[in-house]
Amino acid sequence: MTSTLQITDLPVAGYERVVRGVDPASGLHAIIAVHDTTLGPALGGLRMWPYASEDEALFDVKRLARGMTFKSAVAKTGLGGGKAVILGDPAKVKSEALYLAMGRLVDSLGGKYITAEDVNTSVADLEIIRRATKHVTGLERKDGGSGNPSPYTAYGVFLGVRAALGWVFGDDACKGRKVAIQGVGAVGSALAKRLVEAGATVYGADRNAERLQQLQREIGLVPVPEAEILTMPCDVFAPCALGAVLNDDTIPRLRTPIVAGAANNLLLEPRHGKALADRNVLYAPDYVINAGGIINVSVEFHPGGYDEKVSLTKIERIPQALKELWTIAREERIPPSDAADRLAERILADARGARKDAACGLPPKGQRRG
Ligand code: NAD
């Protein structure tokens with residue numbers, strides 16, 4: 001088929017490159033945002049969503065791409081941040097031609113952006129994209145990829161929950177602790193299993209009643225109505241469904257000393273990090289505790305290819321990263337979410353400085369005289 005893909009640059013301040021791809025033949029209407037490649041190529045998933053307008057899609061892809069830059073900076077994946085969105089209803093627009101056109105759009109950036117699975121896209125979709133570009137990650141292990149990232153995200157969150165218990169109670173044991181999980185999907189259910197194995201009592205809420213019942217049978221999870229999970233008394237509230245659940249309405253109603261979960265963009269606004277701290281709730285910044293998936297994917301870029309052992313060793317550093325942030329937060333009297341943003345910004349500024357120095361022929365900072 002002759003390509004009808006039209007690629008247009010959208011100038012957006014603060015972003016290295018944002019492009020719109022429209023392909024009338026397949027119906028593709030997509031945006032890729034490359035936020036920052038200082039630390040490496042911009043990696044972030046491809047989301048499909050029935051956005052009401054292109055402005056709405058642009059807002060979302062920009063926010064998500066920037067979030068990926070910060071997540072990868074703190075997790076030291078050696079990657080930058082980017083994201084892609086396809087505008088459309090997954091039930092209506094998905095087709096082979098659409099994903100091939102998307103692959104061509106990804107390929108047009110020459111490796112500056114690397115795609116992966118995200119909301120409403122699957123490994124099968126990525127396999128099609130792979131036919132048009134090599135800049136794809138998260139394929140099946142048998143195809144040389146790192147596979148499903150969710151179990152790795154869950155492992156990182158589990159370790160983060162234990163670190164938070166240790167920080168608040170002086171003992172990181174799960175035995176006897178109550179954990180309330182909002183959303184027991186791919187990540188939430190794997191987290192629930194680990195917590196139950198470690199001796200915690202796990203409460204869960206999900207729109208999918210069947211999934212809840214299955215976990216009740218399999219691991220003894222206690223089902224809780226959706227409206228009650230956020231306000232039930234517990235030792236840890238673990239949001240693993242939606243973003244923006246920490247806001248003016250919910251924060252005063254929390255009855256937990258810890259919020260530590262997998263969902264992205266948990267704070268409705270940055271100021272809600274302070275609102276949590278003011279109520280003495282320890283917050284594990286979302287993009288730090290949920291970095292296990294991106295860490296696992298990033299290992300695909302290691303010399304020699306993907307190695308699970310390398311991935312697990314890196315994920316096991318998440319508790320230390322969290323403790324460092326909580327220490328900064330305590331010492332500087334700022335919320336942990338602000339401490340995480342500052343750390344990410346500092347890592348990026350240092351890398352930009354080192355790049356400039358190298359371009360001017362200067363040796364790295366630590367090796368300079370005088
Ligand atoms: P998922 O779609 O498999 O699971 C989400 C679950 O939440 C579903 O079971 C859904 O029914 C449930 N849910 C939706 N609305 C709900 C509500 N109001 N109350 C209770 N349950 C509700 O998604 P996932 O892959 O498990 O990811 C969960 C969250 O973690 C998402 O926010 C995702 O962006 C984030 N995250 C996931 C990964 C990963 O590796 N999968 C990595 C980083 C961040």
Side-chain angles (χ1 to χ4, degrees), residues 59-60 63-64 67 70-71 157-158 160-172 174 176-185 187-188 191-192 195 200-208 212 221-290 322-323 325-344:
F59 178 81
D60 205 30
R63 180 182 64 101
L64 293 165
F70 278 42
K71 184 188 287 205
V157 175
F158 170 69
V161 164
R162 288 194 44 184
L165 288 171
W167 191 264
V168 169
F169 298 110
D171 176 2
D172 71 357
C174 292
R177 296 288 172 205
K178 286 183 178 177
V179 182
I181 305 183
Q182 182 183 46
V184 284
V187 179
L191 172 66
L195 287 164
T201 305
V202 176
Y203 300 78
D206 202 292
R207 299 231 155 133
N208 184 332
L212 273 182
L221 174 136
V222 185
V224 173
E226 192 185 314
E228 288 168 28
I229 193 80
L230 196 138
T231 52
M232 67 167 281
C234 57
D235 298 305
V236 181
F237 170 56
C240 296
L242 322 158
V245 294
L246 302 169
N247 53 49
D248 290 338
D249 171 45
T250 57
I251 291 172
R253 295 190 289 130
L254 290 172
R255 286 200 278 166
T256 177
I258 296 168
V259 176
N264 282 312
N265 300 314
L266 279 169
L267 304 174
L268 178 64
E269 293 173 34
R271 67 184 173 87
H272 292 115
K274 181 168 185 313
L276 285 172
D278 288 348
R279 298 185 76 84
N280 237 350
V281 175
L282 181 73
Y283 177 58
D286 45 16
Y287 64 78
V288 180
I289 194 171
N290 75 14
L322 288 170
K323 284 183 217 165
L325 292 176
W326 293 328
T327 304
I328 297 171
R330 189 172 52 196
E331 285 172 358
E332 298 186 19
R333 296 175 181 276
I334 56 172
S337 45
D338 289 0
D341 289 354
R342 278 193 202 176
L343 176 63

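Values reported hereafter were calculated over all heavy atoms of this structure, with side chains retained and with hydrogens, waters and symmetry mates removed.
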Please assess Ile181 against Leu195 for the test side chain to side chain contact (heavy atoms under 4.5 Å, CB included), listing each intermediate value before the final yes or no. CA-CA 11 Å; Ile181 305 183; Leu195 287 164; 4.1 Å; yes
Derivation of the side chain to side chain contact (heavy atoms under 4.5 Å, CB included) call for Leu267 and Leu276: CA-CA 10 Å; Leu267 304 174; Leu276 285 172; 3.9 Å; yes
Can you list the steps and then say if Leu191 with Val202 is a side chain to side chain contact (heavy atoms under 4.5 Å, CB included)? CA-CA 10 Å; Leu191 172 66; Val202 176; over 6 Å; no
Between Asp235 and Ile258, is the side chain to side chain contact (heavy atoms under 4.5 Å, CB included) condition met? List the steps. CA-CA 6 Å; Asp235 298 305; Ile258 296 168; 5.8 Å; no
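Residue Ala329 comes nearest to Ala339 through the heavy atom pair N-CB, 4.4 Å, listed as atom of the first residue, atom of the second, then distance. Contact between Val179 and Ala238 at its shortest, heavy atoms only, is CG1-CB, 4.3 Å. Minimum heavy-atom separation, Leu322 to Gly160: CD1-CA, 3.6 Å. The two residues Pro285 and Pro336 make their nearest non-hydrogen contact at CG-O, 3.5 Å. When every heavy atom of Val184 is checked against every heavy atom of Leu212, the shortest pair comes out as CG2-CD2, 3.8 Å. Residues Ala262 and Cys240 share a closest heavy-atom pair of N-SG, 3.7 Å.
Atom CZ of Arg177 is separated from atom CG of Leu165 by 6.0 Å, given to the nearest 0.5 angstrom. To the nearest 0.5 Å, the span separating CG on Asp171 from CZ on Arg162 amounts to 9.0 Å. Note: Thr250 OG1 to Leu230 CG = 5.5 Å, rounded to the nearest 0.5 Å. Once rounded to the nearest 0.5 Å, the distance linking CZ of Phe237 with OH of Tyr283 reads 11.0 Å. In this structure, OG1 in Thr256 is found 11.0 Å from NZ in Lys178, a value given to the nearest 0.5 Å. Taking CG of Leu242 as the reference point, atom CG of Asn265 lies at 11.5 Å (rounded to 0.5 Å).
More than 12 heavy atoms of other shown residues, nucleotides or ligands fall within 6.0 angstrom of atom CZ in Phe169. Within 6.0 Å of atom CZ in Arg333, 12 or fewer heavy atoms from other residues, nucleotides or ligands are found, so the atom counts as exposed in its surroundings.
A 4.5 Å side-chain heavy-atom check between Glu332 and Asp338 finds every atom pair outside the cut-off. Between Ile251 and Arg279, some side-chain heavy-atom pair lies under the 4.5 Å cut-off.
A donor-acceptor pair under 3.5 Å links the side-chain atoms of Arg255 to the main chain of Thr231, judged by distance alone. With Asp286 contributing its side chain and Leu266 its backbone, the two residues share a donor-acceptor pair below 3.5 Å.
At a threshold of 4.0 Å, the pair Arg271-Asp248 counts as salt-bridged, since one of the basic side-chain nitrogens sits closer than that to a carboxylate oxygen. Here Asp278 pairs with Lys274 in a salt bridge; the nearest charged N to carboxylate O distance falls below 4.0 Å.
Between Phe70 and Tyr287, the ring planes lie perpendicular to each other; the angle is over 60°, past the 30° to 60° tilted range.
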